[in-house]
2 protein chains.
Amino acid sequence: MPRKVAFDMLQFFQALGDSTRLRLLNLMGDQEVCVCYFVEILGAPQPKISRHLAYLRNSGVVSARREGKWMHYRIVMPPHDGAAQILRQTLDWLKDDKAMQADRARLTKACCSPAKYALDGAPVPTAISGQCCEACA
Amino acid sequence: MPRKVAFDMLQFFQALGDSTRLRLLNLMGDQEVCVCYFVEILGAPQPKISRHLAYLRNSGVVSARREGKWMHYRIVMPPHDGAAQILRQTLDWLKDDKAMQADRARLTKACCSPAKYALDGAPVPTAISGQCCEACA
DNA sequence: AAATCATATTCGTCAAAGTGAATATATCCA
DNA sequence: TGGATATATTCACTTTGACGAATATGATTT
């Protein structure tokens with residue numbers, strides 16, 4: 001049965017109307033990602049990332065989970081069917097984009113990169129653990 | 001075959017991130033509508049309507065056609081499949097909304113309303129001509 | 001408890017975007 | 001040609017939102 005739970009359309013589209021937030025959503029895709037990866041891969045100051053994540057949270061597009069000192073963010077499908085489909089379609093659209101593909105590639109390799117990605121001990125995104133190299137637990 | 005013609009995603013979502021523009025898109029739906037109806041039905045100053053229509057035009061979401069002194073606007077499906085689907089989905093979503101339904105109802109009756117809608121001679125939207133009453137040509 | 005690390009929030013500033021009022025442009029009609 | 005009508009654009013103002021820098025919070029480790 002169709003779900004038409006109220007969902008703020010305006011806030012939803014406004015959340016999608018920013019390039020940093022689109023990059024964040026692209027990195028999440030269908031997996032949970034730790035904030036530290038966002039910071040590393042976007043190469044942006046941490047407060048900026050945090051602010052945009054807060055924006056996405058307030059719009060109901062992502063949810064956060066704490067694990068010790070780390071915060072994991074994931075996309076949460078809106079309770080409205082139409083909104084959910086739009087969000088899925090948007091994520092697919094992002095996959096076409098070269099720059100977005102590059103971001104995702106960097107995320108995949110993040111756990112093994114030497115100096116630049118100083119993420120010792122940071123929780124590896126579940127979906128890429130073991131896909132990068134032998135060293136990736 | 002899938003069409004992935006470049007289409008500015010950011011501009012697209014920003015165009016959808018304003019309530020006035022959503023109301024305009026909702027009124028257009030799948031028909032061409034004259035600017036004078038937008039002004040009447042939204043009850044907003046004409047320059048405001050014009051500016052938002054210009055914004056939508058610049059985003060590639062609508063196109064304009066002149067007919068004498070009247071301008072008709074219609075939704076134009078983006079050349080990118082994903083964008084097109086999102087736009088269709090958005091229009092469907094708008095249909096769920098009470099306020100949007102009310103707007104559309106007012107559009108349907110606009111050609112026959114007595115004083116408030118002083119639109120003598122204004123071109124009746126094709127899709128509603130003849131559907132309102134006997135007087136509607 | 002103190003130091004440290006990851007993340008969030010606040011503050012002041014700046015640019016983008018929405019708005020009303022006034023004005024310009026384009027078309028039609030007399 | 002001149003006036004009337006429909007629509008578009010400009011201007012000044014205000015609000016919103018993005019930003020960097022600084023600071024606060026929350027959790028871990030020593």
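Not measured: the values here are computed from a predicted model. Letters A, B, ... mirror the listed sequences (proteins, then strands); counts begin at 1. Note: hydrogens, waters and symmetry copies are ignored here, and every other heavy atom, side chains too, is used.
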(request) Do nucleotides 20-27 of chain D as a string where each nucleotide becomes B, S or -: B if the base has a protein heavy atom under 4.0 Å, S if just the sugar-phosphate does, - if no protein is that close. (result) BBB----S
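Applying the salt bridge (Lys or Arg N to Asp or Glu O under 4.0 Å) test to A:R57 and every residue at least two apart in sequence or in another chain returns nothing. When the salt bridge (Lys or Arg N to Asp or Glu O under 4.0 Å) test is applied to A:D8, no partner is found at least two apart in sequence or on another chain. Remark: B:D96 pairs with A:K4, A:H80 by the side chain to side chain donor-acceptor pair (under 3.5 Å) rule, at least two apart or across chains. When the side-chain contact (heavy atoms from CB on, under 4.5 Å) test is applied to B:K95, the partners found at least two apart in sequence or on another chain are B:D92, B:R104.
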Using atom types as modelled, flag every donor-acceptor pair under 3.5 Å from a side chain in residues 58-65 of chain A to any protein atom, sequence neighbours excluded.
| unit_1 | atom_1 | unit_2 | atom_2 | d |
| --- | --- | --- | --- | --- |
| A:N58 | ND2 | A:A54 | O | 3.3 |
| A:S59 | OG | A:Y55 | O | 2.8 |
| A:R65 | NE | A:E32 | OE2 | 2.8 |
| A:R65 | NH2 | A:E32 | OE1 | 2.8 |

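Of the side-chain N and O atoms in A:H52, one or more sit less than 4.0 angstrom from OP1 or OP2 of D:dC19. OP1 or OP2 of C:dA8 has at least one side-chain nitrogen or oxygen of A:Y73 nearer than 4.0 Å.
The separation between B:Y55 atom OH and D:dA8 atom P is 17 Å, rounded to whole Å. The interatomic distance linking B:H72 (NE2) with D:dA8 (P) rounds to 11 Å, in whole Å. Rounded to whole Å, the distance from CD on B:E40 to C1' on D:dT7 is 14 Å. When rounded to the nearest whole Å, the span between CD1 of A:I49 and C1' of D:dA18 equals 13 Å.
For residues 9-35 of chain B, the pairs satisfying ring-ring contact (aromatic ring centres under 6.0 Å, His included) are A:W93-B:F12, B:F7-B:F12, with sequence neighbours left out. Sorted by first and then second residue, the pairs that involve residues 11-23 of chain A and meet salt bridge (Lys or Arg N to Asp or Glu O under 4.0 Å), not counting sequence neighbours, are A:R23-A:D103.
For the side-chain contact (heavy atoms from CB on, under 4.5 Å) test with B:F38, the passing option among B:K48, B:M71, B:M28 is B:M28; the others fail.
Interface residues of residues 12-25 of chain A facing DNA chain D, ordered by number: A:D18, A:R21; criterion, heavy-atom separation under 4.0 Å.
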